[in-house]
Q: 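First the structure, then my questions, so here it is.
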Amino acid sequence: MAEQYDHESIEKKWQERWRESAAFKTTEDPKKPKTYVLDMFPYPSGEGLHVGHPKGYIATDIYSRYKRAQGHNVLHPMGWDAFGLPAENFAIKNKIHPRAAVEKNIANFKSQLSHIGFDYDWSREINTTDPEYYKWTQWIFLQLYKKGLAYQSNEPINWCPSCMTGLANEDLDGNVCERCGSVVEKRALPQWVLKITEYADRMLNDLSLLQWPEHIKEAQRNWIGRSEGAEITFTLTDGGSLTVFTTRPDTLFGATYMVIAPEHALVEKYADAAVRTYVESIKNKTELERTAEGKEKTGVLLPGVKALNPATKQEIPIYIADYVLGSYGTGAIMAVPAHDERDYEFAKTFNLPVVQVVVPCAPDAINPPKEGLEEVKRDTVIVHLRDKSTGKYALLDWHGSLEGITTVIMGGVEEGQTPEDAALAEIKEEAALDASIVSSVRWITAARYCASHKNQNRCAHTWGFLAEVESIEKQGAISEKEQGLHTLVWVDEKEVASRLTPAHQKQVWYLLHHDEALSGPGYLINSGEFDGLDSEEAKKKITGSVGGKAVVQYKLRDWVFSRQRYWGEPIPIVHCPKDGAVAVPEDQLPVLLPEVESYEPSGTGESPLANIAEWVNTTCPQCGGPAKRETNTMPQWAGSSWYYLRFMDPHNNSALVGKDKEKYWAPVDVYVGGDHAVRHLIYARFWHKFLYDIGVVTTVEPFARLEFLGFILAEDGRKMSKRYGNIINPDDVVAQYGADAFRVYEMFMGPFENTVAWSTASIKGTERFIERLWRAKELVQEDPVEALEVELHRTIKKVGEDIEAFKFNTAVSQMMVFLNALESAKGIGKEQWQNYLTVLAPYAPHIAHELAEHHGLDISQWPTYDPSKLTSALVTVAVQVNGKSRTTIELAPDAPEAEAIALAKVAAAKWIGEGEPKKIIYVQGRVINVVV
RNA sequence: GCCGAGAUGGCGGAACUGGUAUACGCGCGACACUUAAAAUGUCGUGAGCCUUACAGCUCAUGUGGGUUCGAUUCCCACUCUCGGCACCA
């Protein structure tokens with residue numbers, strides 16, 4: 001009777017041993033290669049950890065232990081991000097001090113983590129609310145201030161009426177506070193703002209240096225939202241001017257009106273009663289209501305003034321509409337309804353003129369223009385013909401060299417013909433029917449192709465129509481010449497799009513049914529001297545011709561950095577009546593957060609700190625006269641924007657991080673996290689680049705590689721939440737199944753980046769795996785078991801490669817495969833066992849160490865695999881006949897082709913049948929395909 | 001709407017560079033051990049057809065096409081799901 005594996009006492013034994021021997025204490029060692037592996041540090045909430053949290057921590061722990069076994073010097077720290085609203089709100093609700101709440105929560109988190117067996121160097125633990133830590137957060141702020149990157153502003157900001165504090169744009173979900181769900185208001189308050197926009201381009205460009213998942217990089221790009229365009233100034237009829245930002249200066253000739261934001265300065269000057277009513281209604285509407293109304297465009301004419309389109313010299317009206325944002329660009333646009341979807345919507349609602357100035361034009365994929373040939377422009381028509389009696393549409397299936405091509409009825413517009421005439425004439429010619437025009441495509445479209453019979457390239461400048469016949473009863477005879485070229489076919493409406501071959505004709509069909517603006521590029525029309533130019537080229541030329549200038553705009557706004565709350569880093573500034581805002585001298589840092597009785601928000605827009613006279617009243621560091629401290633605090637993101645640097649040198653009193661230590665450890669080699677990663681990464685990259693500029697760090701990016709973490713859902717498929725009562729506490733799981741089974745299960749659940757629901761049934765599988773491992777120790781013998789060699793070397797290879805690639809699930813699978821083989825072999829050599837336990841140890845460290853100790857084995861060195869041992873003496877080769885697998889044969893992996901084929905022919909004789917195979921394909925060691 | 005990722009058994013998922021689809025695990029079924037149950041072990045397990053059996057056949061990787069001796073993998077079109085952004089001119 002084999003003894004049961006007692007995970008409780010064995011795991012405890014090893015955890016104690018690691019703790020007591022400080023096994024994972026890390027010091028700089030120039031002789032060893034370094035690896036810095038980091039999790040996004042947790043926010044110690046009152047709810048404690050659920051089983052989703054440790055998933056990332058297990059991954060970094062495996063990576064860290066693996067790298068240690070490879071001889072790397074590994075930095076794998078843990079700390080706490082503990083300032084911010086949730087802690088403060090929690091404290092208010094429970095009537096305790098936030099500091100006490102944080103301490104309690106941290107203790108709880110630490111206890112939960114301690115049972116899972118992580119290899120953290122706890123001597124480097126940091127806490128963002130520790131004055132020794134936030135001293136340096138304040139120091140960074142001062143450096144930003146000194147470089148002019150922190151400034152005061154009185155612009156209206158987002159105010160959350162429930163949290164009673166200002167928020168950055170990034171803290172919102174649409175127009176709702178992401179913390180509490182209240183709808184935010186606009187409030188003008190004195191704010192500290194950081195010039196993150198200064199770094200927008202560098203943050204965008206340096207993404208190319210990073211080994212990050214594409215979707216995270218893309219989210220960063222979206223967030224930065226760079227767009228290149230031009231600023232163009234329109235003169236007004238009152239002698240003034242109005243400047244707009246546009247990315248499409250090429251469409252200037254199509255600008256038939258202008259729109260300014262309700263906040264625009266010009267509004268005041270000309271506002272009449274209607275304008276005021278509109279602007280008021282916008283203010284009173286929450287953004288929620290505005291979104292609920294969808295994309296319905298609203299607006300009102302600005303009376304008494306018009307603008308002059310600098311290209312057409314025509315007077316155009318100016319509207320006020322909320323679809324133009326005051327905070328982007330110049331708060332004003334030139335509206336080009338033909339080429340902008342929003343302007344088009346607005347123009348339709350307000351009956352404004354629409355002028356097409358760009359013709360979309362793509363080269364035909366089947367018959368592209370040939371280089372070197374001259375291009376001739378031809379006016380053409382494309383006409384869809386519907387048989388009213390059947391609802392079917394006419395198409396032409398072409399013959400001869402155009403076999404396989406299907407088009408619609410089309411042709412040229414001859415001298416003296418209108419496009420409508422031409423369309424009807426083509427129908428007469430190709431379908432022998434008298435039809436009438438029902439509708440037409442609003443836009444001219446075009447395609448470039450090569451007319452090889454004429455040896456010229458053509459650009460078909462095309463009008464599109466829909467025509468109709470009552471029925472085809474009156475159809476005449478189609479000429480023999482036309483019959484020879486193509487056959488007229490009638491197809492269902494649904495089929496038309498898929499039957500048409502040329503992309504251009506598909507586009508015309510689409511536009512016949514969709515009334516949309518043309519937002520793509522093309523060549524210019526209705527644009528005077530610029531007609532015929534490519535739109536890309538026209539951008540520069542038109543901008544130049546009207547004295548505009550090229551500019552770059554970003555969606556990214558400067559970072560509103562003040563919070564009117566207690567629980568955050570005080571902003572180290574003193575306001576002096578004489579000297580204005582004065583930086584607190586660095587030797588006076590940290591500016592300590594005062595101990596107070598009442599830290600509840602005042603709601604007045606002033607921080608609770610404002611009420612503490614003895615703290616607020618101070619002397620000016622410059623003139624020595626009386627002055628007041630800045631009472632706003634920093635947002636939660638501040639402390640987490642640089643913490644990865646402090647882990648390198650957590651107890652340094654004279655610098656944020658020592659130069660040598662930074663040089664040794666930076667950058668973070670692997671950074672693991674998920675969820676709200678976008679903002680944190682933007683802010684941290686911004687600060688890091690700033691610190692690079694002032695010489696504090698030596699790398700341009702903080703996180704070389706990022707692995708995105710998929711979440712764990714509750715067993716019911718919903719998010720784990722107190723609200724649903726479906727939280728699973730890792731403490732309970734560890735108590736029941738053991739830390740190793742827990743660790744292996746979380747890695748085995750699926751690909752690391754996948755979101756998967758927890759399954760109590762499935763964790764039993766990894767529990768069995770651990771139990772079977774335990775029993776396998778009875779099978780250990782002195783001599784190696786030959787039959788296990790191949791699988792062992794494969795396992796060493798696969799587990800190592802999979803850890804590098806964060807493909808933990810397949811590594812676990814391979815370790816299970818090996819254990820299966822071991823059980824079948826009914827024995828394993830000591831050295832083989834040692835190698836196996838070594839690769840197992842990062843996943844299941846407790847049992848691996850226990851088993852290793854049992855046989856006196858050293859599992860601290862990662863084994864190397866022998867490539868020559870990855871394949872066995874015989875391989876199974878599939879035999880296919882006509883691509884279908886029929887049977888298999890056994891072969892030496894390097895068997896000569898002739899031998900393989902001979903064997904295959906015999907094995908598959910009954911499928912091959914009589915006669916010689918047409919062809920035989922042999923893929924070494926894999927497959928033989930006999931084609932008969 | 002735009003951008004990104006994805007769709008494989010009852011479930012989580014695997015598959016090198018285009019080469020035996022369904023590894024590994026869960027679940028399920030049968031059997032063994034047991035007075036019994038749990039635990040454990042052994043065997044089986046994509047669907048359908050055919051056969052007493054051995055064997056054999058057909059169909060299956062979201063849908064429809066294409067390239068190829070051969071496609072989960074490459075190409076084209078489409079459907080759906082998830083994530084991010086969302087009137088950014």
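Just so it is clear, the model here is predicted, and its values are computed rather than measured. Chain naming here is simple, since letters A, B, ... match the order of the sequence lines and numbering starts at 1 in each.
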Q: Please give the distance between the P atoms of B/G44 and B/A38 as a whole number of Å.
A: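 About 22 Å, rounded to a whole number of Å.
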
Q: For nucleotides B/U20 and B/C85, find the distance between their C1' atoms and express it as a whole number of Å.
A: 45 Å

Q: State, with a plain yes or no, whether a side-chain heavy atom of A/R221 is found less than 4.5 Å away from one of A/L204.
A: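 The answer is yes; the side chains approach within 4.5 Å.
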
Q: Any base atoms under 4.0 Å from A/S227, or only sugar-phosphate, or nothing? Heavy atoms, all strands.
A: sugar-phosphate

Q: May I have the distance from A/F769 (atom CZ) to B/C26 (atom P), rounded to whole angstrom?
A: 12 Å

Q: Taking atom types as modelled, is there a side-chain donor on A/E890 or A/T876 under 3.5 Å from an acceptor on the other?
A: yes

Q: What is the distance, to the nearest angstrom, from the NE2 atom on A/H215 to the C1' atom on B/C2?
A: 17 Å

Q: When you get a sec, tell me which of B/A14, B/A23, B/G27 is the closest nucleotide to the side chain of A/V817?
A: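 Within the option list, the nearest is B/A23.
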
Q: Under 4.0 angstrom, heavy atoms only, what part of the nucleic acid is A/V756 near: base, sugar-phosphate, or nothing?
A: sugar-phosphate

Q: Report the base-pairing partner of B/G56 (Watson-Crick or G-U wobble, both distances below 3.5 angstrom), or none.
A: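 The answer is B/C49, by the H-bond criterion.
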
Q: Nearest-Å distance, CG (A/L709) to P (B/C82)?
A: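 Between P of B/C82 and CG of A/L709: 20 Å.
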
Q: If I pick the C1' atom on B/G10 and the same atom on B/U68, what distance separates them, to the nearest angstrom?
A: 35 Å

Q: For nucleotides B/C69 and B/C24, find the distance between their P atoms and express it as a whole number of Å.
A: 34 Å

Q: Ignoring backbone atoms, test whether A/R775 places a side-chain nitrogen or oxygen under 4.0 Å from the OP1 or OP2 oxygen of B/U40.
A: no

Q: If you only use heavy atoms from C-beta on, which nucleotide in B/C87, B/G27, B/A15 is closest to the side chain of A/T810?
A: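 Among B/C87, B/G27, B/A15, the one nearest the side chain of A/T810 is B/A15.
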
Q: Give one of base, sugar-phosphate or nothing for A/W758, where a contact means two heavy atoms less than 4.0 Å apart.
A: nothing

Q: Do any side-chain nitrogens or oxygens of A/R926 fall under 4.0 Å of OP1 or OP2 in B/A15?
A: no

Q: How many whole angstroms separate atom CG of A/L773 from atom C1' of B/U40?
A: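 In whole Å, B/U40 C1' and A/L773 CG are 16 Å from each other.
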
Q: Which nucleotide, in any strand shown, forms a Watson-Crick or G-U wobble pair with B/A14, with both distances under 3.5 Å?
A: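 By the stated definition (distances under 3.5 Å), nothing pairs with B/A14.
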
Q: Among the nucleotides B/C87, B/A89, B/G41, which one has an atom lying closest to any side-chain atom of A/K297?
A: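 The answer is B/C87, which lies nearest to the side chain.
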
Q: Side chains of A/E228 and A/T247, heavy atoms from C-beta outward: is any pair under 4.5 Å?
A: no

Q: Could you tell me whether A/R775 and A/E778 have a side-chain N and a carboxylate O separated by less than 4.0 Å?
A: no

Q: So what does A/R226 touch, heavy atoms closer than 4.0 Å: a base, only the sugar-phosphate, or nothing?
A: nothing

Q: Please indicate whether A/K807 has more than 12 foreign heavy atoms, meaning atoms of other residues, nucleotides or ligands, lying under 6.0 Å from its NZ.
A: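 No, not enclosed.
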
Q: Under 4.0 Å, counting only non-hydrogen atoms across every strand here, what does A/R886 touch: a base, just sugar-phosphate, or nothing?
A: sugar-phosphate

Q: Is there a side-chain polar atom (N or O) of A/W911 under 4.0 Å from OP1 or OP2 of B/C57?
A: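 It does, given that an N or O in the side chain of A/W911 lies less than 4.0 Å from OP1 or OP2 of B/C57.
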
Q: Separation of A/L325 atom CG from B/C85 atom C1', in whole Å?
A: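 In whole Å, B/C85 C1' lies 14 Å from A/L325 CG.
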
Q: Within the structure shown, what part of the strands sits under 4.0 Å from A/K884 by heavy-atom distance: base, sugar-phosphate, or nothing?
A: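 Sugar-phosphate, no base atom in range.
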
Q: Hey, does A/P751 reach any base, or is it just sugar-phosphate, or nothing, if we go heavy atoms under 4.0 Å?
A: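 Answer is sugar-phosphate: A/P751 comes under 4.0 Å of backbone atoms only.
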
Q: Can you tell me how far C1' of B/U40 sits from CD of A/E767, to the nearest Å?
A: 12 Å

Q: Answer yes or no: does a side-chain N or O of A/N929 lie under 4.0 Å from OP1 or OP2 of B/G19?
A: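 A/N929 to B/G19 OP1/OP2: no side-chain N or O under 4.0 Å.
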
Q: Compare side-chain N and O positions of A/N754 against OP1 and OP2 of B/C82 and report whether any pair is under 4.0 Å apart.
A: no

Q: Let me know the distance between CG of A/L681 and C1' of B/G84, rounded to the nearest Å.
A: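 It works out to 14 Å between those atoms.
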
Q: Checking contacts here: which listed nucleotide (B/C87, B/G84, B/U40) is nearest the side-chain heavy atoms of A/D322?
A: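 Given the options B/C87, B/G84, B/U40, the side chain of A/D322 is closest to B/C87.
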
Q: Closer than 4.0 angstrom, basic N to acidic O: yes or no for A/E771 and A/K764?
A: no

Q: When rounded to the nearest Å, what value does the distance between P atoms of B/C74 and B/G25 take?
A: 29 Å

Q: Can you measure A/F808 atom CZ to B/G12 atom C1' for me and round it to whole angstrom units?
A: 18 Å

Q: Between A/V923 and A/K506, which residue's closest nucleotide on RNA chain B lies nearer the 5′ terminus?
A: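 Closer to the 5' end of RNA chain B: A/V923.
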
Q: When we call it a touch if two heavy atoms are under 4.0 Å apart, what does A/T888 touch: a base, just sugar-phosphate, or nothing?
A: base

Q: Using a cut-off of 4.0 Å on non-hydrogen atoms, how would the nucleic acid contact of A/S885 be classed: base, sugar-phosphate, or nothing?
A: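 Contact class for A/S885: sugar-phosphate only.
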
Q: At what distance, to the nearest 0.5 angstrom, does OG1 of A/T197 lie from CG of A/D201?
A: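 A/T197 OG1 to A/D201 CG: 10.5 Å, rounded to 0.5 Å.
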
Q: How should the glycosidic conformation of B/G9 be described, syn or anti, under the criterion that syn lies within 90° of 0?
A: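 It is syn.
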
Q: Quick one: closest heavy-atom pair of A/P310 and A/L252, and the distance?
A: CG-CD2, 4.1 Å

Q: Is any side-chain N or O of A/Y323 closer than 4.0 Å to OP1 or OP2 of B/A89?
A: no

Q: Categorize A/D343 for me: base, sugar-phosphate, or nothing, with a 4.0 angstrom heavy-atom threshold over every strand shown.
A: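 The residue A/D343 makes no contact with any strand.
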
Q: Closest approach to the side chain of A/Q880, judged atom by atom: which nucleotide of B/G4, B/G19, B/A89 is it?
A: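 Among B/G4, B/G19, B/A89, the one nearest the side chain of A/Q880 is B/G19.
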
Q: Does A/R221 place a side-chain N or O at less than 4.0 Å from the phosphate oxygens OP1/OP2 of B/G84?
A: no

Q: Could you give the distance separating B/G4 and B/G56 at their P atoms, to the nearest angstrom?
A: 48 Å

Q: Under 4.0 Å, heavy atoms only, any strand: does A/E214 hit a base, just the sugar-phosphate, or nothing?
A: nothing

Q: On RNA chain B, does the nearest nucleotide to A/T876 precede the nearest nucleotide to A/T766 from the 5' side, or the other way round? Give the residue.
A: A/T876

